[in-house]
Structures are given as structure tokens and as C-alpha cells.
Amino acid sequence: MGASQTRLEHNYDDLTEKSGFSHEQIKNLYQRFQQLSGNNEKISRDDLERIPALNNNPIRKQIITAFFDKRNQHQNDVGSLDEIGFEQFLMVMSHFRPVNSKATEEEKATVRKQKLRFLFNMHDTDNDGIITLDEYRTVVEELLSQSGAIETEVARAIADAAMLEVASTNVPHMAPDDFYEGITFEHFEQILKGIEMESRMHIRFLDKNAATMRCGKLSS
Amino acid sequence: RTLALKMAPLRRSSTLRLTGLLCLSFLVFFSRGFASHDVVSEKSSGTIQEDSHSQANSTAHKKTFPVLSFNYEHVRTPFEISLWILLALFMKLGFHIIPTVSHIVPESCLLIFVGLLVGGIIKATGEQPPVLDSNLFFLYLLPPIILDAGYFLPMRSFTENIGTILMFAVVGTLWNVFFIGGMMYAVCQIDAAELAHVDLLSCLLFGSIISAVDPVSVLAVFEEIHINELLHILVFGESLLNDAVTVVLYHLFKEFAHEQTITVTGAILGVISFFVVSLGGVMVGVIYGIVGAFTSRFTSYSRVIEPLFVFLYSYMAYLSAEIFHLSGIMSLIACGVIMRPYVEANISHKSYTTVKYFLKMWSSVSDTLIFIFLGVSTVAGPHTWNWIFVIFTVIFCLVSRVLGVIGLTAFINKFRIVKLTKKDQFIIAYGGLRGAIAFSLGFLLDNDEIKNLFLTAIITVIFFTVFVQGMTIRPLVELLAVKKKKESKESINEEIHTQFLDHLLTGIEDICGHYGHHHWKDKLNRFNKTYVKRWLIAGERSTEPQLISFYNKMELKQAMMMVESGSAAKLPTIVSTVSIRNVPTKGAPKPSRAISKSREEEIRRLLRANLQKTRQRLRSYSRYELLNDPLEDNISEARFRKQREMERRVMTEPLEIEPKCNKGVYQTVRGLSILHQNRFRTH
């Protein structure tokens with residue numbers, strides 16, 4: 001534990017630069033990471049699935065998959081990993097950092113795009129760059145999955161209506177033989193313009209040191 | 001319409017003059033009406049006396065049967081009340097007919113002005129104008145406005161900003177009270193003011209009356225400027241929640257002023273009393289809300305009285321809270337908020353519309369009457385005008401508000417994710433309007449010379465905030481380019497993603513391991529779904545997930561819109577040629593189903609017939625029964641859903657498979673959408 005801790009200290013600045021979290025936040029997240037991984041260096045899907053609170057979440061599968069999705073690592077890789085290390089964990093978490101209120105409009109737009117990209121990746125499971133009707137239907141079905149016996153017809157109807165809406169707003173005039181292949185990222189951005197993503201999609205990361213036990217000295 | 005517009009400039013000057021003349025004549029007529037009642041009553045009592053007198057000593061004379069008699073006393077009170085309300089309504093109407101004025105002057109200002117005029121006319125005729133009776137205000141005029149506001153409170157923004165709102169409401173008001181009270185006491189010490197008789201406690205009492213931001217004024221002014229939801233909910237929420245603080249401090253200082261001493265136990269009791277008043281009020285509201293929701297579960301047996309339940313339960317919540325001197329406003333808000341989701345799931349669409357429109361109507365009338373009465377009461381007096389007191393009151397009100405907002409925001413911003421900018425702070429400070437509540441509280445004081453002094457100052461502050469701040473806030477909002485309210489188009493995509501985000505953020509919080517805002521909201525939602533909804537919502541709606549209710553509501557709305565637009569000539573706003581046929585689905589080759597032309601025709605005919613039935617004349621009439629409205633018959637929610645089900649099943653029946661249609665899968669959604677699409681394709 002001592003060795004990994006000192007290694008982590010050296011990396012703080014590096015991690016802060018990459019993810020944007022403060023040292024305190026990284027410390028807290030590292031503690032959580034260790035809790036989840038059972039003090040290992042990497043966590044696997046099983047580790048996340050074991051979290052009891054997630055059981056009630058209708059989209060837990062998608063959330064867990066998002067952690068192991070290479071596209072969310074700010075690199076141009078595709079595919080999925082089997083295990084992730086702390087740095088990758090942090091990168092995924094960084095999508096949920098609140099935007100700095102002093103940021104310029106451009107910075108806010110970038111952050112917004114980043115968050116929307118995360119969402120888009122969650123829906124676009126086959127990574128072809130568009131959300132097709134099937135994928136969207138899956139999304140709605142998952143959302144409604146916790147509500148008991150919902151006929152798939154209703155879920156489909158809702159997904160169809162939503163898709164229709166996207167198509168109507170983005171491509172208003174289509175001949176009867178034209179096809180709307182699916183929701184591209186631009187259309188996705190357009191349709192979610194009303195929701196201020198940069199201020200909605202975030203959680204509060206602990207700033208204060210919530211550690212109860214601190215073994216070893218931590219360099220400031 | 002274009003023709004009318006062209007004619008308008010020609011006629012405008014004459015229309016204006018006509019309207020103005022009409023308004024003026026109405027004013028004079030009404031005020032004579034109010035003033036002359038005394039004269040009339042004297043006359044009628046005189047006639048009665050004469051009658052009895054003549055009867056007494058004229059056994060021989062036969063009294064001629066009065067074909068036409070005059071008895072005003074009989075209907076005097078309701079007649080006068082109706083006259084007042086009519087006056088208010090005419091003024092409101094006049095205000096909207098003359099568009100130029102409404103751009104510059106907010107409605108509330110004009111209404112106060114009208115009140116001043118009416119009061120002036122009444123006084124000129126030598127009568128005593130009526131004053132805004134506090135009982136009338138608190139029991140009859142205020143509740144509709146608060147209920148309207150509470151029932152339609154946007155819960156999401158309210159709960160997201162609840163911390164900020166509470167800080168402003170509690171700490172902000174406390175700061176205002178003590179600052180204003182203290183500074184006014186210091187002012188009273190100045191020899192030049194001749195105010196030495198006003199002691200500290202009275203000043204503090206005055207402070208507690210004048211510091212509370214008034215929901216009526218805030219609503220009246222903010223509604224016209226359409227600022228963004230955050231600012232609106234901050235100022236408005238503050239004006240609602242500071243009621244508890246105001247109530248406690250007012251009674252506390254009144255008691256102290258009576259006793260002329262402040263005790264430590266008294267102060268501690270005051271603090272405890274604050275919690276009792278606010279939480280007690282909320283609890284009373286919640287109880288009534290739950291009972292109301294439960295009752296609405298059974299109202300399907302008599303739909304006509306459904307709206308009455310909503311109104312009466314809320315009103316009872318208000319009155320019950322007032323019995324115990326708890327905060328009636330908070331009780332009313334709590335009742336409306338708790339009751340709303342369940343009641344809306346239970347009551348019919350018509351009842352929902354009724355509730356909505358009655359609330360808007362009553363609050364509108366109340367609001368108008370309050371401002372008119374404020375004007376009249378100003379004329380009524382009695383006034384004790386003391387330049388120094390009044391001027392310093394106005395100055396200190398402004399100063400304390402600005403300081404309070406700046407100080408609190410600096411503190412609050414440490415805890416907020418979306419920080420409040422300087423522009424936001426300015427609007428919040430500038431939007432701290434005082435109104436009729438302050439006046440009524442002042443009116444309730446014991447009658448002595450200090451009361452008149454206070455009342456004059458209160459009225460001046462109210463006038464200042466409503467006139468000066470109310471008139472200038474709109475150009476200031478434009479100048480500062482404050483974000484306006486978004487035109488929210490209801491979008492199924494936004495709803496899906498809002499819910500998706502909620503679950504996502506809850507999940508991330510769970511992975512992070514700390515119980516934040518989303519975790520608790522999620523827990524509350526699940527509790528609501530598993531236990532509460534089952535008890536309070538009737539039938540199958542109790543297990544309906546929110547997304548589906550939203551979707552159904554949207555469909556219902558579209559159906560209504562289509563019905564109202566009538567013939568096929570009018571098309572909905574987004575003219576899109578996209579149909580579900582344009583959206584392919586991937587995956588294994590599904591058997592492509594298509595609907596044959598004949599089937600389509602049949603369905604179209606069916607739907608059009610249904611829609612046309614609504615244009616039929618209503619057949620039976622019974623005062624106690626909901627009119628047999630075909631619209632309700634055919635497009636009531638349950639039936640609508642069933643009908644759609646039926647259509648869906650009809651659609652997805654495997655019919656003749658068109659071989660060349662393997663690219664698209666035509667899985668229709670709603671019959672109406674077919675109508676939609678066919679409209680486009682047949683041009």
C-alpha cells in the first residue's frame with residue numbers, strides 16, 4: 001500500500017492535469033477505487049456490478065459498460081477494456097465534473113460537447129457514429145425496465161415518436177423515399193439544446209478529505 | 001386579420017379616446033355607486049318607516065299594492081362586492097386594450113393609480129372610502145394568489161435551489177429586519193425628526209413589517225418581464241418562504257412592544273416558535289394534501305365536483321394553519337405541491353382544465369382588487385407624514401436589501417455549482433418588492449399615532465417599489481441582457497434524456513460512494529412509486545411510469561390540437577415530410593409489413609369520423625351532470641389509450657407484404673400519425 005501511495009503522489013500533478021480534479025478529490029476517489037477493487041490495481045466489471053446500490057438502477061448495464069468503453073478515455077481508441085486502472089477510472093469520472101463558472105463561452109461549449117459525447121457513446125453501442133432506431137429503442141426499454149410489466153410496444157412507440165421528432169427537427173423535409181439513418185452527433189446536440197448539459201450533468205465531488213484512517217504521510 | 005390591422009391605425013385614435021372615455025365614465029359611475037349607498041339606504045329606511053307609520057294609522061285606507069318597489073338594503077353587500085369586482089375587471093380589460101401603456105407601465109402600477117382615482121372621487125363626494133380590511137385581505141384575497149402560485153410551482157427548479165431560497169428567505173429577512181429596525185431607531189434619535197417617542201421595539205416591529213418581500217407584487221411584476229426560471233424561482237420562492245419569518249417576528253415584537261421588555265427566554269421562545277410555525281405550517285399542508293389526494297381517488301363517481309375538492313382542501317389547509325398562528329402561506333404551498341401529482345393523475349382532463357382556469361381567474365381578480373384597494377386606502381388615510389422617517393425608510397430598505405443580497409450570495413456561492421453572477425444578484429436585489437402584505441400587517445397594529453406614521457412609511461415604500469422598481473425593471477432587464485425564459489417546447493427527447501440523466505447521475509454517485517442529491521432524490525422517487533402512488537392514485541394509473549404518462553399527455557395534447565384545428569387545412573407547426581417510413585431499423589431482416597391502401601383509407605375514415613363527432617351539438621342538458629360531450633366520450637384518457645391500442649393492433653396485423661418494401665419497416669405508432677403523414681403525402 002505504501003509503495004502504490006507514493007507512486008500515486010508523484011502522479012498527482014499528472015492526473016490533475018489530465019482529469020481536472022483537485023488533489024483532494026483525487027485522493028478521495030482513489031480511496032473509493034481501492035474500496036471497489038479490493039485493494040487491487042484494477043477493477044473489473046464484476047467489481048462494479050457488486051455495488052448494491054446500483055441494483056435499482058434501470059440503466060446500470062449501460063453505466064458499467066461506459067466505464068470500460070475506450071471511447072471515453074479522451075483518446076481516439078475504440079473498443080472496450082476488461083479491466084481499468086485508476087487513471088482510466090478518473091478519466092471517466094472527469095466527464096461529470098461541474099464546469100467552472102468562470103469559464104468562457106468557448107470552454108463551456110467544449111465541456112458541453114464532451115458531456116454530450118459521453119451520452120452519445122452510451123447510446124451508440126455499435127460505435128458506427130449514429131444512434132439507430134434499434135439502439136434508441138433499447139435505451140427506452142431499459143429506462144422503462146424497472147417499472148414492471150411494460151409492453152414492449154409502448155416502449156417502441158415512445159422510441160419511434162422520439163426518433164420522429166429528431167428527424168423532423170433536423171431534417172424537416174424528406175421525400176417519402178428518403179431515409180433517416182439515425183441520429184448523428186450533430187443532431188443529438190441539436191435535439192438536446194434545451195437541456196443545459198454543462199450545468200445539469202455533474203455530481204458533487206468531495207473536496208474535503210473524508211479519510212478516517214490515514215496511513216503514511218502524504219506529501220502536500 | 002390583416003384587414004383589421006390596416007384599419008387599426010385609422011381608428012386607433014378614436015378607439016383610444018372612446019375607451020378612455022368609457023373607462024372614465026365607469027370610474028365615475030362605480031364610485032358614485034359606492035358613495036351613494038349611504039344616501040340610498042337612508043332613503044329606503046325612510047320609506048320603510050313611512051310605510052309602517054302609514055300602516056299603523058290607516059286601518060281604513062287600503063295600501064295600494066306596490067307594483068314596483070325599491071329595496072336596496074336587501075342586496076347591498078353582494079351588490080357592492082360585485083361592483084368592486086366589475087370595476088377591477090374593467091380596469092384589467094382597459095389596460096390590455098390600450099397596448100402602448102402596458103409596455104411601459106406594469107399592470108400593478110396602473111391599478112394602484114386607478115385605486116387612487118376612485119378613492120379620490122369617493123372622498124370628493126364627501127364619503128369615507130373603504131380601507132383594505134386586513135381580514136378581507138388575509139382570508140379572501142391572498143389565498144387564491146398563493147394557491148395559484150403553489151399549485152403551479154416548478155418543482156424541479158424549486159428543489160434544486162431550495163438551499164439558496166431558504167438562505168435568502170430566512171437569513172436575508174432577519175438581516176433586513178434588524179438592519180432597518182436598528183437604523184430607524186438611530187434615525188429616531190435625531191432631534192430634528194421629533195420622533196423620540198418611537199422606541200427600539202416599535203422600530204423593530206416596523207422593520208419586521210416592512211422587510212418581507214411580497215409574493216403578490218413579485219408575481220405581478222415578474223410575470224411581465226419573463227426572466228429566466230432560476231431568477232424567477234429564487235425571488236418568488238423567497239417571497240413565499242419568508243412568510244414564516246415575518247409571522248414569527250411580527251408577533252414576537254408585538255408581544256415585546258406590549259410588554260416593553262425583551263427577555264432572553266422570550267428570544268429563545270421566538271427561535272423555537274420560528275421552527276414550529278414553519279414546520280407546523282408545512283405539516284398541516286402536507287396532511288391536507290394527502291387527504292385531498294386520497295379523496296381524488298374516488299371522485300370518478302362524480303366528476304363535476306372534482307375541482308371543488310382541490311380548492312376546498314387547500315383553503316382549509318390555509319385556514320387551519322391560521323387557527324394556530326402557523327404560516328398559512330407555507331401550508332397552502334405544501335398542500336398544493338403534495339396534492340398535485342396525485343390529483344392530476346386521478347381527475348379528468350376537464351377537471352384539470354377547470355382547476356387551472358379557476359385558479360388563474362381567482363388569483364387574477366384578487367391581484368387586481370388588492371392593488372386597487374391599496375390605491376383607495378392610500379387616499380383614505382389617516383396619514384402622519386414625517387419627511388425624515390419616510391425618506392430614511394426608503395433609503396434603508398434599498399440599502400439593506402442590496403447589502404443582504406451581496407453578502408448572502410458571497411456565502412451561498414461557495415456551495416452552489418451554478419454560481420450567481422453579479423447580474424443575477426442585481427435582479428434579485430432589485431426584485432425585492434414590497435406589497436399589500438406589509439400594508440395589512442401594518443393596519444393590524446394597535447391604533448395610535450405611531451401606527452399612522454408607520455402606515456404612511458409603508459405605503460410610501462410600497463409605492464416606491466411598485467412604481468419605480470416595477471417600471472424600471474423591464475428596461476433594466478433588457479439593458480443588462482439578462483437571460484429570458486426559454487420557450488419550452490415539450491419534447492419527448494428531452495424528457496427521455498432528463499430521466500436518463502437522473503438515473504445516470506444517481507448511478508455515478510453510487511459508484512463514487514457518496515450519497516448526494518441524486519441518490520436521495522432517487523430514493524424518494526422509489527418510495528413514492530412503491531408505496532405512496534398505490535394509495536393515492538386510482539386504478540391502473542398508479543403503476544404508470546412517468547415517461548409513459550408524459551408521452552400520453554403529449555399525445556392527448558396533439559389530439560386536442562388536431563381536433564381544435566378542425567378541417568384539414570390547418571397543419572401543425574413543424575411541417576415535416578418525415579414519417580416513420582423514413583426511419584429504417586437495422587438488424588435481422590424483419591418481415592416487412594405494410595398497410596394496404598384500402599386499410600389505410602378505412603382507418604383514416606374511422607379517425608376522421610371520430611374527430612368530426614366532436615363538432616356535433618350537445619344533446620342533453622342537466623345542471624348536475626357533466627354534459628354529454630362527445631369529446632370526452634371519445635377522447636377521454638382511458639378510451640383514448642384503448643383506441644390507440646386497437647389501432648396499433650390493427651396496424652401491426654400482418655397484411656399483404658409488399659415485396660419491394662424491404663428497406664423500411666412500417667411499424668406505425670399512432671393512428672393520428674398516419675393522418676399526419678397522409679396529409680403530407682397527398683399533396
Side-chain angles (χ1 to χ4, degrees), chain A residues 29 32 35-36 48 51 53-54 56-60 63 67 93 96 98 101 119 122 132-134 137 139-140 143-144 147-148 150 153-154 156-158 160-169 171-176 178-181 191-192 194-195 199-206 210, chain B residues 413 417-419 421 486 488-489 491-494 496-501 503-514 516-519 522 526 529 543-545 547-548 551 554-555 574-587 645 648 652 663-664 667 669-670 673 680-681:
Chain A
L29 283 170
R32 179 64 180 169
Q35 235 180 0
L36 288 173
L48 286 182
I51 302 176
L54 273 184
N56 289 316
N57 202 315
I59 55 169
R60 69 193 263 264
I63 299 178
F67 272 88
M93 282 298 184
F96 296 94
S101 58
L119 274 184
M122 281 184 85
T132 58
L133 185 62
D134 281 329
R137 276 185 186 158
V139 171
V140 177
L143 264 185
L144 294 175
S147 318
I150 296 297
E153 285 299 319
V154 183
R156 284 205 175 160
I158 296 180
D160 289 350
M163 199 70 167
L164 207 59
E165 196 186 77
V166 180
S168 317
T169 15
V171 196
H173 296 281
M174 288 173 75
D178 282 348
F179 290 111
Y180 182 69
E181 292 294 334
I191 202 72
L192 290 184
I195 306 180
S199 30
R200 289 284 294 273
M201 184 166 149
H202 62 78
I203 68 170
R204 202 182 285 274
F205 287 100
L206 297 173
Chain B
N413 268 345
I417 305 273
V418 182
K419 315 250 183 244
T421 64
K486 279 188 306 206
S488 64
K489 203 179 44 156
S491 151
I492 185 86
N493 276 296
E494 281 189 14
I496 292 178
H497 279 97
T498 311
Q499 293 215 6
F500 191 82
L501 258 184
H503 289 296
L504 174 63
L505 294 173
T506 313
I508 298 284
E509 272 188 3
D510 289 332
I511 294 181
C512 264
H514 73 256
H517 180 67
H518 293 277
H519 180 93
D522 188 57
R526 268 186 287 125
K529 200 159 59 168
T543 47
E544 199 179 57
L547 190 58
I548 297 194
Y551 177 64
M554 245 184 59
E555 290 229 307
I574 294 183
V575 181
S576 165
T577 51
V578 178
S579 71
I580 199 71
R581 188 183 271 264
N582 292 106
V583 184
T585 59
K586 276 199 190 152
E645 264 299 329
R648 216 183 284 133
T652 56
K663 272 200 207 161
Q667 257 185 326
V669 175
R670 329 152 243 184
S673 72
F680 295 113
R681 269 196 271 138

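Heavy-atom basis, side chains included; hydrogens, waters and symmetry copies ignored.
For B:I511 against A:R32, the heavy-atom pair with the smallest separation is O-NE, 2.7 Å. Across every non-hydrogen atom of B:G507 and A:I63, the tightest pair is CA-CD1, 3.9 Å. Across all their heavy atoms, B:H503 and A:N57 have their closest contact at O-ND2, 3.0 Å.
Counting heavy-atom pairs under 4.5 Å between each of B:D522, B:T506, B:I496 and chain A puts B:I496 at the top. Contact tally against chain A (heavy-atom pairs below 4.5 Å) for B:E509, B:H497, B:R526: the top residue is B:H497. Your options are A:L192, A:I191, A:V140, and the one with the most heavy-atom pairs under 4.5 Å with chain B is A:L192.
In this structure, the separation between CD1 on B:I492 and CE on A:M163 is 14.0 Å, given to the nearest 0.5 Å. Within the model, atoms CG of B:N493 and CD1 of A:I158 stand 11.5 Å from one another, a figure rounded to the nearest 0.5 Å. Atom CD1 of residue A:I59 and atom CG of residue B:L501 lie 8.5 Å apart, to the nearest 0.5 angstrom.
For B:L504, the parts lying near chain A are the backbone and the side chain together; criterion is any non-hydrogen pair under 4.5 Å. Residue contact with chain B, scored on non-hydrogen atoms closer than 4.5 Å, involves the side chain of A:I51 exclusively.
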